[in-house]
Amino acid sequence: MAISVHDPEVRSPQFSSSRMHVQIGDDFIQAGWTAGQNQCYNSLCPAGIVLVRSDIPLGGLRGPPGVRGSTQIVYDTYGLLKDKANGNWWLEFGGIQIGFWPANIFQQSLANSVEWGGEVYSASLPGPRMGNGYFPLLDPVDDAHVCNITLVDESFKVDKMVKNIETFSDNNHSYKVYEDLDSGLPVGHIIYFGGPGKM
C-alpha cells in the first residue's frame with residue numbers, strides 16, 4: 001500500500017494512525033505511521049520483529065507531512081509479505097525488506113483479514129483527529145488516503161483491485177471512510193478516511 005502522510009494533532013495518551021492491519025488468527029501485524037505516544041506499530045513495542053536493516057529507522061519521521069490542498073502528496077509505502085519458503089512475514093518500507101516476524105510466533109499460517117485506513121485511540125473522550133483532521137472530499141489532493149492496495153492470496157496470486165472489502169467507522173460523527181474502486185487514477189483502488197475527532 002501507499003499511504004498519505006499527515007500530522008494530526010493528538011494529546012497524551014492519545015494516538016492517531018494510518019496503517020495496514022493484518023489479522024492472523026488471534027495475532028496481528030500492523031505497519032504504518034502514527035502520531036502520539038500510546039501505540040504499538042512497527043518496532044515501537046515488543047512485537048517479535050527481527051530487524052535486518054538498521055539504516056531505515058522505524059517509527060521515525062521521514063520528512064514533512066502533506067498539507068491539505070497541496071499538489072505535492074507525501075506518501076510512505078509499506079508491504080507485509082509472507083515468505084513462500086519459510087512462512088516468515090516480511091515488512092517492506094519503500095520496497096526494501098527491513099525486518100520480519102518469524103512464522104513460529106503465530107498460531108496459524110494464513111491471514112484472516114486485512115484492514116487499511118485510520119485508527120485513533122483516546123483513553124477518554126474527546127477523540128483525536130484522524131488522517132489530516134478533515135472529513136474526506138474524495139480527492140487525493142485534499143484527503144488522507146491509502147492507494148495501491150494489493151493482496152496476495154494463499155496461492156500467492158496478486159490482486160491489485162481488492163474488490164471484496166467493506167468500509168467501516170465506529171464513530172460516523174467524528175470520522176468518515178469512503179472507497180473509490182475505480183478512481184481512474186494510476187494509483188488504483190483508493191480508500192479515503194479522516195475526521196476532526198473531538199479535540
> Do H189 and L181 come close enough that some side-chain heavy atom pair is under 4.5 Å?
Replying inline: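 H189 vs L181: side chains touch.
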>> A side-chain contact here means heavy atoms from C-beta on lying under 4.5 Å apart; do L185 and P140 qualify?
In response: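 A side-chain contact exists here, since the closest heavy-atom pair is under 4.5 Å.
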>> Please list all pairs meeting ring pair (Phe, Tyr, Trp, His ring centres under 6.0 Å) that have one or both residues in residues 168-188, counting only residues at least two apart or in different chains.
In response: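 Output for this query is empty, none listed.
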At what distance, to the nearest 0.5 angstrom, does [atom1] of [X] lie from [atom2] of [Y]?
X	Y	atom1	atom2	answer
Y78	I98	OH	CD1	8.0 Å
I149	M20	CD1	CE	10.0 Å
Q97	D83	CD	CG	7.5 Å
F156	L81	CZ	CG	9.5 Å
N132	D7	CG	CG	11.0 Å
D182	I190	CG	CD1	10.0 Å

>> Looking at D143 and L138, would you say the former's side chain and the latter's main chain have a donor-acceptor pair under 3.5 Å?
In response: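 Yes.
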>> Does the plane of the ring in H145 sit parallel, tilted or perpendicular to the ring in Y192? Use 30° and 60° as the thresholds.
In response: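 Ring orientation, 0 to 90° scale: tilted.
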> Transitive ILVMFWY cluster of V50 at side-chain heavy atoms under 4.5 Å: who else is in it?
Replying inline: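 Reading the cluster by chain and number, V50 sits alongside V52, W90, F100.
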Shortest non-hydrogen separation from [X] to [Y] and the atoms involved:
X	Y	value
I191	V177	CG2-CG2, 3.8 Å
G95	T77	N-OG1, 4.2 Å
A123	P13	CB-CG, 4.0 Å
S4	A144	OG-CA, 3.4 Å

>> Between L137 and I73, is there shared hydrophobic-cluster membership here, with clusters defined by ILVMFWY side-chain heavy atoms closer than 4.5 Å?
In response: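 No, separate clusters.
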> Quick one: do W89 and I56 end up in the same hydrophobic cluster if we chain Ile, Leu, Val, Met, Phe, Trp and Tyr together by side-chain heavy atoms under 4.5 Å apart?
Replying inline: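 Same cluster.
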>> Can you list everything that forms a side chain to side chain contact (heavy atoms under 4.5 Å, CB included) with D153? Sequence neighbours excluded, please.
In response: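 Checked D153 against side chain to side chain contact (heavy atoms under 4.5 Å, CB included); matches are S155, K157.
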In this structure, are over 12 heavy atoms from other groups packed under 6.0 Å from [X] atom [atom1]?
X	atom1	value
Y134	OH	no
N164	CG	no
Q108	CD	yes

>> Checking D55 now: which residues fulfil salt bridge (charged side-chain N to carboxylate O under 4.0 Å, His left out) with it, not counting sequence neighbours?
In response: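 Expected list: R53.
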>> Can you list everything that forms a salt bridge (charged side-chain N to carboxylate O under 4.0 Å, His left out) with E115? Sequence neighbours excluded, please.
In response: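 Result, salt bridge (charged side-chain N to carboxylate O under 4.0 Å, His left out) vs E115: R19.
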>> Going by side-chain hydrogen bond (donor to acceptor under 3.5 Å, both in side chains), name the residues that satisfy it together with E154, two or more places apart in sequence or in a different chain.
In response: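 In terms of side-chain hydrogen bond (donor to acceptor under 3.5 Å, both in side chains), with neighbours along the sequence ignored, E154 is linked to no residue.
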